[in-house]
Amino acid sequence: MIRQVKLPVSDLQRSVTWYRSLLGLELGWEFVEQGVVRGAVLVDRATGLLIGLRDRTVIPGQPSLTGFDAFSLGVPSVEALHKLRDRCEQLGFAHADLMDRGPGGWQLDVPDPDGTVVRFLSPLANSGFRGVEFFTDGTMAFYDEPRLNAT
């Protein structure tokens, strides 16, 4: 079980507000360095999930995850993805279209204020191996036999 994910952010207050608004999280902790709040942890008390946010300017290398889905959050159903998409629209938050991942279930991608993609996934439609090949025209195909040596 993953307990916490931590993300670099360019504006801590903006990101705290965004994640709390979208996911209904509580502010659990703040971290102050030399008189300035440089980090925060948001809490989902029902699930125990923690999302840590850290001021990018004090992280070595000042990493950016723009356009990248560093983690995915599970939702209980495709209906929950529809509700989440509707919530994004009510809040004025950008989001991608719902995507049918075939045997991988459905997904909704929502970029945070820094462009880091938060991916929401419905339950898997299958329990076995599934490969996905993406083509330059944006289409994809599924395959059943691993191409990597899994031994």
Practice problem: Taking the side chain as every heavy atom from C-beta outward, state whether Leu53 and Tyr19 have any pair of such atoms under 4.5 Å apart. | Solution: yes
Quiz item: Would a distance-only check, ignoring hydrogens and angles, find a side-chain to backbone donor-acceptor pair under 3.5 Å from Asp114 to Thr116?
Solution: no
Self-check item: Between CD on residue Gln4 and CG on residue Leu42, distance to nearest 0.5 Å
Solution: 9.5 Å
Quiz item: Please walk me through it: do Glu26 and Arg45 pass side chain to side chain contact (heavy atoms under 4.5 Å, CB included)?
Solution: CA-CA 8 Å; Glu26 295 178 30; Arg45 301 260 182 227; 3.1 Å; yes
Practice problem: Check the pair Leu7 / Arg54 against side chain to side chain contact (heavy atoms under 4.5 Å, CB included), numbers first and verdict last. | Solution: CA-CA 6 Å; Leu7 299 170; Arg54 180 90 165 114; over 6 Å; no
Self-check item: Whether Arg87 side chain and Ser21 backbone form a donor-acceptor pair below 3.5 Å
Solution: yes
Quiz prompt | Side chain to side chain, Arg101 and Val132, heavy atoms closer than 4.5 Å | solution = no
Quiz item: Would a hydrophobic clustering, with Ile, Leu, Val, Met, Phe, Trp and Tyr connected at side-chain separations under 4.5 Å, put Phe68 with Met99?
Solution: no
Self-check item: Side-chain heavy-atom pair Arg85, Leu98 within 4.5 angstrom cut-off
Solution: yes
Quiz item: Linking I/L/V/M/F/W/Y whenever their side-chain heavy atoms sit closer than 4.5 Å, directly or via other members, would Val41 and Leu65 fall into one cluster?
Solution: no
Exercise. Specify the closest pair of heavy atoms between Ala94 and Val110, including all atoms of both residues, with the distance to one decimal.
Key: O-CG1, 3.4 Å
Quiz item: side chain to side chain contact (heavy atoms under 4.5 Å, CB included) between His95 and Glu89: does it pass, once the steps are laid out?
Solution: CA-CA 8 Å; His95 62 82; Glu89 290 175 1; 3.1 Å; yes
Self-check item: Inter-residue atom distance Ile51.CD1 - Leu49.CG, 0.5 Å rounding
Solution: 5.0 Å
Exercise. Can you measure from OG (Ser122) to CG (Leu84) and round to the nearest 0.5 angstrom?
Key: 12.0 Å
Self-check item: Shared hydrophobic cluster, Val32 / Val36 (ILVMFWY, side-chain heavy atoms < 4.5 Å)
Solution: no
Quiz item: Going by heavy atoms in the side chains, are Val118 and Leu73 under 4.5 Å from each other?
Solution: yes
Quiz item: Does Leu50 reach the side chain of Trp29, with side-chain heavy atoms less than 4.5 Å apart?
Solution: yes
Quiz item: Rounded to the nearest 0.5 Å, what separation is found between the SG atom of Cys88 and the CG atom of Leu108?
Solution: 6.0 Å
Quiz item: With a 4.5 Å heavy-atom cut-off, do Leu12 and Val37 have their side chains touching?
Solution: yes
Quiz item: So, do Pro113 and Arg14 sit near enough that their side-chain heavy atoms are less than 4.5 Å apart?
Solution: yes
Quiz item: Does a sphere of radius 6.0 Å around CD in Glu33 hold more than 12 heavy atoms from other residues, nucleotides or ligands, not counting ones at 6.0 Å or beyond?
Solution: yes
Self-check item: Under 3.5 Å donor-acceptor, Arg56 side chain and Pro63 backbone
Solution: yes
Practice problem: Determine, using the 4.5 Å side-chain heavy-atom cutoff (strictly less than), whether Val9 and Val43 are members of one ILVMFWY cluster. | Solution: no
Exercise. Mark yes or no for whether Asp69, through its side chain, and Phe71, through its backbone, hold a donor-acceptor pair below 3.5 Å.
Key: no
Quiz item: Judged by atom type as modelled, is there a donor-acceptor pair below 3.5 Å linking the side chain of Thr139 to the main-chain atoms of Phe135?
Solution: no
Self-check item: Rounded distance [0.5 Å steps], CZ in Arg38 versus CZ in Phe31
Solution: 14.5 Å
Self-check item: Trp18: partners by ring-ring contact (aromatic ring centres under 6.0 Å, His included), with sequence neighbours left out
Solution: Phe93
Quiz item: Just by distance, do the side chain of Arg20 and the backbone of Leu25 share a donor-acceptor pair under 3.5 Å?
Solution: yes
Quiz item: If two hydrophobic side chains count as joined below 4.5 Å and joins carry through other members, does Phe142 share a cluster with Trp106?
Solution: no
Quiz item: Do the non-hydrogen side-chain atoms of Asp112 and Val117 ever get within less than 4.5 Å of each other?
Solution: no
